[in-house]
Asker: 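Submitted below is the structure of interest, expressed as structure tokens.
In listed order, ligands and their atoms are each counted from 1.
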Amino acid sequence: MSARSLLVTGTDTGIGKTHASVALLHALRARGHRAIGMKPIASGCERIDGRWRNEDALALQAASDPRPAYDDVNPVALPEPTAPTLAARAAGVTVEIAALHAAHGRLAAAADIVLVEGAGGWEAPLAEGLEHRDLARYLGGAVLLVVGMRLGCLSHARLTARAIAADGCRLVGWIGNRIDPAFARADDYVGLLSDALPAPCLGVLPFVAGGVGARDALRLDPDWIATL
Ligand SMILES: Nc1ncnc2c1ncn2[C@@H]1O[C@H](COP(=O)(O)OP(=O)(O)OP(=O)(O)O)[C@@H](O)[C@H]1O
Ligand SMILES: [Mg+2]
């Protein structure tokens, strides 16, 4: 494997894993790295030109440089927007782990860093017999946590960090995402999270109407990249 890979997980579904991954891809590229995103298993797809396409995977593909093939970014595209195990059953799809590994290998061969977005939070199964910990270990064990800044995020973030460590993986950083504009004392929560989480905060992304604007939202410390 020629690239470093990070499994991107979050405190929940819908808290900004894709949004933060897009920001991180652009920030890595701004530092001169070839950075590619992957959404190996996606549920919730629409038919575009006769193929199933997922919004997250399209966003990650568009934020990647060099630009990867869609089928490598998202080898498993499941139509129904539900838990991937249910969506796979509904579609009659058996997830072939070897095919995921092969797709990741093609991306890794073209990149310095591959960001691999999970599905839901850390304990949500990715497929029958495939957990986030399995994929993270395969990728080398490095995990990035996106914290959706809202009430309850302290417990979700700390539980996730504990589970990552208990699963033998390594939290390498976290990104706060201001998903809720009405969330009070966000700065104080960032302080508490910084004390509680055993990895550096790479930044806190502001709330942006419509969820657009992740492109220039993060500035990365080159020293952090060097630790990967
Ligand atoms: N900082 C933000 N400001 C405003 N809207 C945001 C922000 N981050 C995310 N959103 C919006 O919230 C929704 C969920 O974000 P996103 O898709 O990145 O979450 P996710 O954790 O990747 O979800 P999933 O579990 O479905 O993959 C999207 O509509 C996105 O545009
Ligand atoms: Mg997503």
Asker: If you count the atoms of ligand 1 from 1 in the order shown, which ones are under 4.0 Å from a heavy atom of G211?
Answerer: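 The list of qualifying atoms is 4 (C), 5 (N), 6 (C), 31 (O).
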Asker: Give me the one residue out of L171, I175, L228 that meets side-chain contact (heavy atoms from CB on, under 4.5 Å) with L144.
Answerer: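 Per the side-chain contact (heavy atoms from CB on, under 4.5 Å) rule, the option paired with L144 is I175, out of L171, I175, L228.
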Asker: Please confirm whether the ring centroid of F183 lies under 6.0 Å from the ring centroid of Y189.
Answerer: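 Yes: the rings meet the under 6.0 Å criterion.
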Asker: Among residues at least two apart in sequence or on other chains, which ones pass salt bridge (Lys or Arg N to Asp or Glu O under 4.0 Å) with D188?
Answerer: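 In terms of salt bridge (Lys or Arg N to Asp or Glu O under 4.0 Å), with neighbours along the sequence ignored, D188 is linked to R185.
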Asker: Looking only at protein heavy atoms, which one is nearest to atom 4 (C) of ligand 1, and how far off is it?
Answerer: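 Of every protein heavy atom, V208 O, 2.9 Å lies nearest to atom 4 (C) of ligand 1.
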Asker: Is it true that L6 and L220 fall in one hydrophobic cluster, defined by side-chain heavy atoms closer than 4.5 Å?
Answerer: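 Yes, L6 and L220 fall within the same hydrophobic cluster.
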Asker: Where is the nearest protein heavy atom to atom 8 (N) of ligand 1: which residue, which atom, and how far?
Answerer: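 For this ligand atom, the closest protein heavy atom is N177 ND2, 2.9 Å.
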Asker: Can you sort out the partners of L193 under side-chain contact (heavy atoms from CB on, under 4.5 Å), two or more places apart, ordered by chain and number?
Answerer: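 Checked L193 against side-chain contact (heavy atoms from CB on, under 4.5 Å); matches are V147, M149, C153, L154, A157, W174, L197.
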Asker: So, does N177 use its side chain to make a donor-acceptor pair with the main chain of V204 at under 3.5 Å?
Answerer: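 No: the side chain of N177 does not pair with the backbone of V204.
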Asker: Given that the side chain starts at C-beta and the backbone is N, CA, C, O, which of these parts of P206 lies under 4.0 Å from ligand 1, counting heavy atoms, or is it both or neither?
Answerer: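 Looking at P206 and ligand 1, just backbone atoms fall under 4.0 Å.
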Asker: Got a protein heavy atom sitting under 4.0 Å from atom 12 (O) of ligand 1?
Answerer: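 Answer yes: something from the protein, a heavy atom, is under 4.0 Å.
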Asker: Between S155 and G152, is there a donor-acceptor pair closer than 3.5 Å when you use the side chain of the first and the backbone of the second?
Answerer: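 No; judged by distance alone, with no hydrogens or angles, the pair does not exist.
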Asker: Restricting to under 2.8 Å, identify the protein N, O or S atoms around the Mg ion (ligand 2) as residue plus atom.
Answerer: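 Within the sphere that stays under 2.8 Å of the Mg ion (ligand 2), the protein atoms of type N, O or S are T18 OG1, D56 OD2, E117 OE2.
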Asker: Which residue supplies the protein heavy atom nearest to atom 20 (P) of ligand 1, what is that atom called, and how far is it?
Answerer: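 Result: K17 N, 3.4 Å.
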Asker: Among all the protein's non-hydrogen atoms, which is closest to atom 14 (C) of ligand 1, and how far away is it?
Answerer: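 Result for atom 14 (C) of ligand 1: G14 O, 3.7 Å.
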Asker: What protein heavy atom sits nearest atom 18 (O) of ligand 1, and how far off is it?
Answerer: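 The closest heavy atom on the protein side is H19 N, 2.9 Å.
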Asker: Does the pair K17/D12 count as a salt bridge with the N-to-O cut at 4.0 Å?
Answerer: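 No, this pair does not count.
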Asker: Which of the numbered atoms in ligand 1 are under 4.0 angstrom from any heavy atom belonging to K39?
Answerer: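 Atoms satisfying the 4.0 Å criterion: 27 (O).
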Asker: Hey, does D167 have a side-chain heavy atom less than 4.5 Å from the side chain of W122?
Answerer: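 Yes. Closest side-chain heavy atoms under 4.5 Å.
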Asker: Tell me, please, which residues at least two apart from D56 pass side-chain contact (heavy atoms from CB on, under 4.5 Å).
Answerer: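 Testing D56 for side-chain contact (heavy atoms from CB on, under 4.5 Å), a comparison that skips the adjacent residues, returns T18, K39, N54, E117.
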Asker: Tell me whether A209 has any N or O atom under 3.5 angstrom from an N or O of ligand 1.
Answerer: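 No; every N/O pair is 3.5 Å or more apart.
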Asker: Taking the six-membered ring for Trp, are H104 and Y138 parallel (under 30°), tilted (30 to 60°) or perpendicular (over 60°)?
Answerer: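 H104 vs Y138 ring planes: perpendicular.
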Asker: Decide whether an N or O pair under 3.5 Å exists between D56 and ligand 1.
Answerer: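 So ligand 1 has an N or O lying under 3.5 Å from an N or O of D56.
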Asker: I need the atoms of ligand 1 closer than 4.0 Å to a non-hydrogen atom of I179, numbered in the order shown.
Answerer: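 In order of numbering, the contacting atoms are 6 (C), 7 (C), 8 (N), 9 (C), 10 (N), 12 (O).
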Asker: When rounded to the nearest 0.5 angstrom, what distance separates OH in Y70 from CG in L60?
Answerer: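 If we round to the nearest 0.5 Å, Y70:OH and L60:CG are 9.5 Å apart.
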Asker: Is at least one protein non-hydrogen atom found at under 4.0 angstrom from atom 6 (C) of ligand 1?
Answerer: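 So atom 6 (C) of ligand 1 has protein heavy-atom neighbours under 4.0 Å.
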Asker: Checking contacts here: is it the side chain or the backbone of V212 that comes within 4.0 Å of ligand 1, counting heavy atoms only? Could be both or neither.
Answerer: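 It is neither; nothing of V212 touches ligand 1.
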Asker: I48 and L58: side-chain contact (heavy atoms from CB on, under 4.5 Å), yes or no, with the steps?
Answerer: CA-CA 11 Å; I48 299 177; L58 290 169; 4.2 Å; yes
Asker: Closer than 4.0 Å to some heavy atom of T13 - which atoms of ligand 1 meet that?
Answerer: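 The list of qualifying atoms is 24 (P), 25 (O), 26 (O).
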Asker: Quick one: which ligand 1 atoms are inside 4.0 Å of a heavy atom on E117?
Answerer: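 It comes down to these atoms of ligand 1: 22 (O), 27 (O).
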Asker: Do we see a donor-acceptor contact under 3.5 Å between the side chains of N74 and W52?
Answerer: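 Absent: no donor and acceptor within the cut-off.
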Asker: Below 4.0 angstrom from a heavy atom of G16, which ligand 1 atoms are there? Numbered from 1 as shown, please.
Answerer: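 Under 4.0 Å from G16, ligand 1 has these atoms: 15 (O), 16 (P), 18 (O), 19 (O), 20 (P), 21 (O).
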